[in-house]
Amino acid sequence: MLEVNRLFKRFKERTALSDVNLRVGEAEVFGCLGPNGAGKTTLMRVILGLLQPTSGEALLWGGKAGDDPGVRHRIGVLLESDGLYPRLTAYENLDYFARLYGVTIRGTRISQLIEFAGLSERAHDKVATFSRGMRRKLGLARALLHSPDLLMLDEPSAGLDPEAQKMVRDLIVRLSSQAQISVFLSSHDLDEVQRICGRVAILQNGRVRACDTLKALQSSTGAESVEITLADPSRLQEAMRLLGSQREVSNVVGTDASVSVGLRQGQRGISLAGVLEENDIKVEGARLARRSLEEVYLEIVRQERQDD
């Protein structure tokens with residue numbers, strides 16, 4: 001469905017994308033991760049035909065979005081700016097964009113999407129009165145007006161509270177599973193990507209450093225992770241500093257009263273709980289755990305920084 005082949009994009013002072021190769025299948029939720037300046041937004045703009053590549057190509061159903069109106073019509077887009085008009089109501093916004101898209105039976109389609117987004121009770125309220133989460137949901141509805149086959153989302157949950165983030169995540173999952181829409185998602189939110197994406201690409205300095213299913217990425221590191229639960233949550237930061245100083249540890253992530261410890265390749269981490277106990281930090285339990293996307297991401301990014 002989406003093929004990116006040997007894609008390069010150079011600006012005057014820097015190379016934004018370097019030899020990028022990607023494939024996205026039908027009804028797949030694909031996550032694109034990377035630090036600021038990694039090239040995620042540039043990649044999306046090239047795919048959408050908003051930027052021309054220096055070399056290589058980005059093909060959608062065998063064509064290019066910048067050259068083929070038929071291809072463009074099959075894409076729904078929600079960038080960081082939702083593009084809504086605050087002085088219009090939710091219904092009026094969708095009606096305006098439906099006319100631009102040439103949507104037939106506009107009233108029925110708009111009502112369906114307003115209900116799908118959970119905004120039925122606010123359909124005739126001005127968007128200026130909406131929370132950021134409601135605006136993002138309405139932005140998703142706008143992107144879906146013309147029944148696209150591919151949805152391109154740039155930071156769909158940015159700046160949202162946890163409840164609104166979950167609402168947006170649930171909408172995306174429903175689109176993929178029920179409407180069979182493919183989703184290309186660019187995000188800094190590792191938890192969001194881990195929850196909803198089938199495959200993940202990690203970009204850094206314009207290059208794809210890893211691209212696979214989460215399970216495969218977790219296995220490819222060849223290392224284990226240990227989850228340690230503390231008896232006293234107030235000593236979490238102290239425990240993280242102590243564990244991070246051990247030679248077998250690659251990274252440490254703390255959550256509430258537990259510490260997730262990524263191990264370097266070939267290391268077992270059997271003695272880590274003992275290290276805490278020796279320093280009077282009581283441990284309730286310790287177990288081997290599947291590495292989180294955050295741990296995999298940090299390890300890959302840090303390794304590539306060392307190699308660069």
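Note: hydrogens, waters and symmetry copies are ignored here, and every other heavy atom, side chains too, is used.
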Legend entry - Nearest heavy-atom neighbours spanning A117 and L171: CA-CD2, 4.3 Å
Legend entry - S111 (side chain) donor-acceptor with T108 (main chain) under 3.5 angstrom: no
Inset, instruction - For the pair L175 and F116, evaluate side chain to side chain contact (heavy atoms under 4.5 Å, CB included) and give the outcome as yes or no after the intermediate values. - result: CA-CA 10 Å; L175 290 173; F116 176 80; 3.6 Å; yes
Legend entry - Residues, nucleotides or ligands: over 12 heavy atoms within 6.0 Å of R72 CZ: yes
Inset, instruction - Indicate yes or no for a side-chain donor-acceptor contact from N279 to the backbone of I281 under 3.5 Å, with no hydrogens or angles considered. - result: no
Inset, instruction - Work out which heavy atom in D67 is nearest to a heavy atom in P69; give both atom names and the distance. - result: O-CD, 3.6 Å
Legend entry - Distance in Å, E26 CD paired with M1 CE, rounded so as to fall on 0.5 Å steps: 6.0 Å
Legend entry - Side-chain ion pair, E28 and R199, N-O less than 4.0 Å: yes
Inset, instruction - Name all residues meeting the side chain to side chain donor-acceptor pair (under 3.5 Å) criterion together with N5; count only those two or more places apart in sequence or in a different chain, and write none if there are none. - result: R23, E57
Inset, instruction - Drop me the distance from N251's CG to S260's OG, to the nearest 0.5 angstrom. - result: 7.5 Å
Legend entry - Listed once per pair and sorted, the salt bridge (charged side-chain N to carboxylate O under 4.0 Å, His left out) pairs that draw on residues 170-186, sequence neighbours left out: K166-D170
Inset, instruction - Indicate yes or no: at least one non-hydrogen side-chain atom of L48 is less than 4.5 angstrom from one of V77. - result: yes
Legend entry - F30 side chain reached by V193 side chain, heavy atoms, under 4.5 Å: no
Legend entry - E3/L22 under side chain to side chain contact (heavy atoms under 4.5 Å, CB included): CA gap, chis, key distance, verdict: CA-CA 6 Å; E3 297 182 25; L22 294 174; over 6 Å; no
Legend entry - Heavy-atom donor-acceptor pair, Q204 side chain to A38 backbone, under 3.5 Å: no
Inset, instruction - Could you state whether Y101 and L140 fall into the same hydrophobic cluster, counting links through intermediate Ile, Leu, Val, Met, Phe, Trp or Tyr residues with side-chain heavy atoms under 4.5 angstrom apart? - result: yes
Legend entry - Heavy atoms of other groups near Q178 CD, more than 12 under 6.0 Å: yes
Inset, instruction - Work out which heavy atom in K64 is nearest to a heavy atom in A58; give both atom names and the distance. - result: CG-O, 3.9 Å
Legend entry - Nearest-0.5 Å distance that lies between atom CG in L145 and atom CD1 in I110: 6.5 Å
Inset, instruction - Show the numbers, then the answer: is there a side chain to side chain contact (heavy atoms under 4.5 Å, CB included) between T229 and V283? - result: CA-CA 6 Å; T229 303; V283 173; 6.0 Å; no
Legend entry - M152 with V208, same ILVMFWY side-chain cluster at under 4.5 Å: yes
Inset, instruction - Hey, could you give me the CD1/CZ distance between I196 and R169, rounded to the nearest 0.5 Å? - result: 7.5 Å
Legend entry - Side chains of L138 and Y91 in contact at under 4.5 Å (non-hydrogen atoms): no
Legend entry - Student check: side-chain heavy atoms of W61 and D149 closer than 4.5 Å: yes
Legend entry - Exercise: identify the closest heavy-atom pair between R109 and L144: NH2-O, 2.6 Å
Inset, instruction - Using atom types as modelled and distance alone, determine if a side-chain donor or acceptor of S186 lies under 3.5 Å from a backbone N or O of E155. - result: no
Inset, instruction - Would you check if L60 and I47 make a side-chain contact, meaning some heavy-atom pair closer than 4.5 Å? - result: yes
Legend entry - Whether over 12 other heavy atoms sit under 6.0 Å from L100 CG: yes
Inset, instruction - Calculate, to the nearest 0.5 Å, the distance between atoms CZ and CG belonging to R135 and N93 respectively. - result: 8.5 Å
Inset, instruction - Apply side chain to side chain donor-acceptor pair (under 3.5 Å) to D191 and list each qualifying residue two or more places apart in sequence or on a separate chain. - result: R195
Legend entry - Backbone of T89 reached by a side-chain donor or acceptor of E92 within 3.5 Å: yes
Legend entry - Presence of salt bridge, D95 and R106, under 4.0 angstrom: yes
Legend entry - Single-linkage hydrophobic cluster L33~V24, side-chain heavy atoms < 4.5 angstrom: no
Legend entry - V253 with L272, same ILVMFWY side-chain cluster at under 4.5 Å: no
Inset, instruction - Find out whether the Lys NZ or Arg CZ of R142 is both under 6.0 angstrom from the six-membered ring centre of F97 and within 45° of the ring's axis. - result: yes
Inset, instruction - Classify the ring geometry between H146 and H73 as parallel (under 30°), tilted (30 to 60°) or perpendicular (over 60°). - result: perpendicular
Legend entry - Single-linkage hydrophobic cluster M167~L153, side-chain heavy atoms < 4.5 angstrom: no
Legend entry - CD-CD1 distance between E121 and I114, expressed to the nearest 0.5 angstrom: 12.5 Å
Legend entry - Donor-acceptor pair between E192 and S187 side chains, under 3.5 angstrom: yes
Inset, instruction - State whether a side-chain donor-acceptor pair under 3.5 Å links R74 with S147. - result: no
Legend entry - Greater than 12 external heavy atoms within 6.0 Å of Q112's CD: yes
Legend entry - Partner of P156 by side chain to side chain contact (heavy atoms under 4.5 Å, CB included), out of V168, D189, V183: V168
Legend entry - Side-chain (D68) to main-chain (G66) donor-acceptor, under 3.5 angstrom: no
Inset, instruction - Return yes when atom CD of E277 has more than 12 non-hydrogen atoms of other residues, nucleotides or ligands closer than 6.0 Å, and no otherwise. - result: yes
Inset, instruction - State, yes or no, whether a side-chain contact exists between K282 and D232 at a heavy-atom distance under 4.5 Å. - result: no
Inset, instruction - Please examine the side chains of L7 and V46, heavy atoms only from C-beta on, and report whether any two atoms are closer than 4.5 Å. - result: yes
Inset, instruction - For the residue pair L43 and K9, establish whether any side-chain heavy-atom pair is separated by less than 4.5 Å. - result: no
Inset, instruction - Show your working on side chain to side chain contact (heavy atoms under 4.5 Å, CB included) between I202 and Y297 and close with a plain yes or no. - result: CA-CA 7 Å; I202 299 176; Y297 171 84; 3.9 Å; yes
Legend entry - Contact summary for A286 and A273, nearest pair of heavy atoms: CB-CB, 4.3 Å
Inset, instruction - Check A65 against I75 and note the closest heavy-atom contact, atom names and distance. - result: CB-CD1, 4.0 Å
Inset, instruction - Report yes or no: does K40 contribute a side-chain atom to a donor-acceptor pair with the main-chain N or O of C32 at less than 3.5 Å? - result: no
Legend entry - S245 (side chain) donor-acceptor with L242 (main chain) under 3.5 angstrom: yes
Legend entry - Donor-acceptor pair, side chain of T15 and main chain of S18, under 3.5 angstrom: no
Legend entry - N/O donor-acceptor pair under 3.5 Å between R235 side chain and D280 backbone: yes
